[in-house]
Amino acid sequence: MKFNSKVKHDMSFELERLVRPNILALEPYSCARDEFKGMDAHVFLDANENPYNGPLNRYPDPLQENLKAALSSLKGVSSEKIFLGNGSDEAIDLVYRVFCEPKCDNVVAIAPTYGMYKVCADINEVEYRPVPLDENFQLNAEALLASVDAHTKVIWLCSPNNPSGNCLQRDEIVKVLRGFEGIVVLDEAYSDFSDQMPFRLMLDEFPNIIVLNTFSKAWASASIRLGMAFASAEIIGLFNKVKYPYNVNKLTQDKAMEMIKEVFKVERWCTQIRMEREHMLPALHELPIVKRVYPTDANFVLVRVTDANAIYHYLVERGVIVRNRSRVELCQNCLRITIGTQPENNELLAALRQYK
Ligand SMILES: *Cc1c(COP(=O)(O)O)cnc(C)c1O
């Protein structure tokens, strides 16, 4: 096997060499809530807050310690290895801002995948190198690593992948983690809908991994904008240095704590969605307009149809909106369909059965 300069020769991983020099040198903003953390004070005249309109008058906890403690036991990851942000989108953007020098460094990503990795690359002026998955949307680690060069700082993986829905093969993910000496981001936004063992439980084995989770899918809380990143304490420390001081507002922190107390609901929703998914796959497969139903481990399914544009517009006319992925690489004539409630799914199926 031939080695590119950023492809790993041994087990060494030097985080500092990957970080942008200005970020390494950065003296972060020190807010009032950072400076004073005592427990028994009762007069707070340190942050120019308005004394009225409690409790919303106070700045929220910049490091969301209570929420992280609750998530820590739920997710099996210690608090100092957890970052919380304004959706996964914040963590995605921070990866670029911490590691990638604009107009100089590049990132490698599977294709097709979630669109935000490329949007954030473009915003940060970082070269984005998409490497196609195979025709079954599977990862070939060697092919991916062939696009790595001395300026590749990050590799983007997503499993279960969006828009294909499938999990990437575990041994290929591990080959990427072991074969690359930069950062590997593994987006597990949909892992609650799959049976795969989540990689956030293997942080100690892979010092270069950043795992993404979100409250937007299994937790049914897309509106509160809460994303999670799990990584070594060193990587999380860099995120904390660069993020906005109060990046997760109090309403979101409080709502997330409430959700965590009702985690049984999340489990029930996931079970329900998985049952609906098992029902939808054969029902879709039977439709004459359906050419292929791709295997899925997520709360959506990619379906190849006879004419995606026409069927998409036909459904819009009937007030049913799916995602037309026809113009995405390897997804010609494909619709991405979210699994909804049973009545919603039945309405979709009924409409598709009547399509001529
Ligand atoms: C939906 C989705 C997310 C969630 O993003 P948020 O900003 O947390 O809402 C993250 N990654 C992938 C691949 C997704 O499909």
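Both counts, for ligands and for their atoms, begin at 1 and track the order of listing.
Per-residue contacts place Ser216 under 4.0 angstrom from the following atoms of ligand 1 (heavy atoms of the residue considered): 6 (P), 8 (O), 9 (O). Those atoms of ligand 1 that come under 4.0 Å of a heavy atom in Lys217, given as number and element, are 1 (C), 2 (C), 3 (C), 4 (C), 14 (C), 15 (O). Near Arg225, with a cut-off below 4.0 Å to any heavy atom, the atoms of ligand 1 are 6 (P), 7 (O), 9 (O). Atoms of ligand 1 found under 4.0 Å from any heavy atom of Cys158, numbered from 1 in the order shown, are 13 (C).
Proximity of Met116 to ligand 1, defined as any heavy-atom pair under 4.0 Å, is not found for any part of the residue. With a 4.0 Å heavy-atom cut-off, ligand 1 is reached by the side chain of Ala189 but not by its N, CA, C or O. The backbone and the side chain of Asp89 each have at least one atom closer than 4.0 Å to an atom of ligand 1 (non-hydrogen atoms only). By the criterion of a heavy-atom distance under 4.0 Å, neither the backbone nor the side chain of Phe215 is placed next to ligand 1.
From the protein, the heavy atom lying nearest to atom 15 (O) of ligand 1 is Tyr190 OH, 2.6 Å.
Counting only N and O atoms by type, the side chains of Arg336 and Asn162 include a donor and acceptor under 3.5 Å apart. At a cut-off of 3.5 Å, with distance as the only test, no side-chain donor of Asn86 or Tyr244 sits close to an acceptor on the other residue.
Using cut-offs of 30° and 60° on the angle between ring planes, the pair Tyr190 and Phe193 is tilted.
For atom 12 (C) of ligand 1, the choice among Thr214, Asp187, Asn162, Asn86 with the nearest heavy atom turns out to be Asp187.
A side chain to side chain donor-acceptor pair (under 3.5 Å) with Arg274 is found for exactly one of Asn299, Asp195, Asp192, Asp297, namely Asp195.
Ring centroids of Trp156 and Tyr96 are separated by less than 6.0 Å, placing the two rings close together.
Contact between Met116 and Asp89 at its shortest, heavy atoms only, is CG-OD1, 3.6 Å.
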Show your reasoning for whether salt bridge (charged side-chain N to carboxylate O under 4.0 Å, His left out) applies to Asp122 and Lys118. CA-CA 6 Å; Asp122 291 347; Lys118 178 169 192 306; 2.8 Å; yes

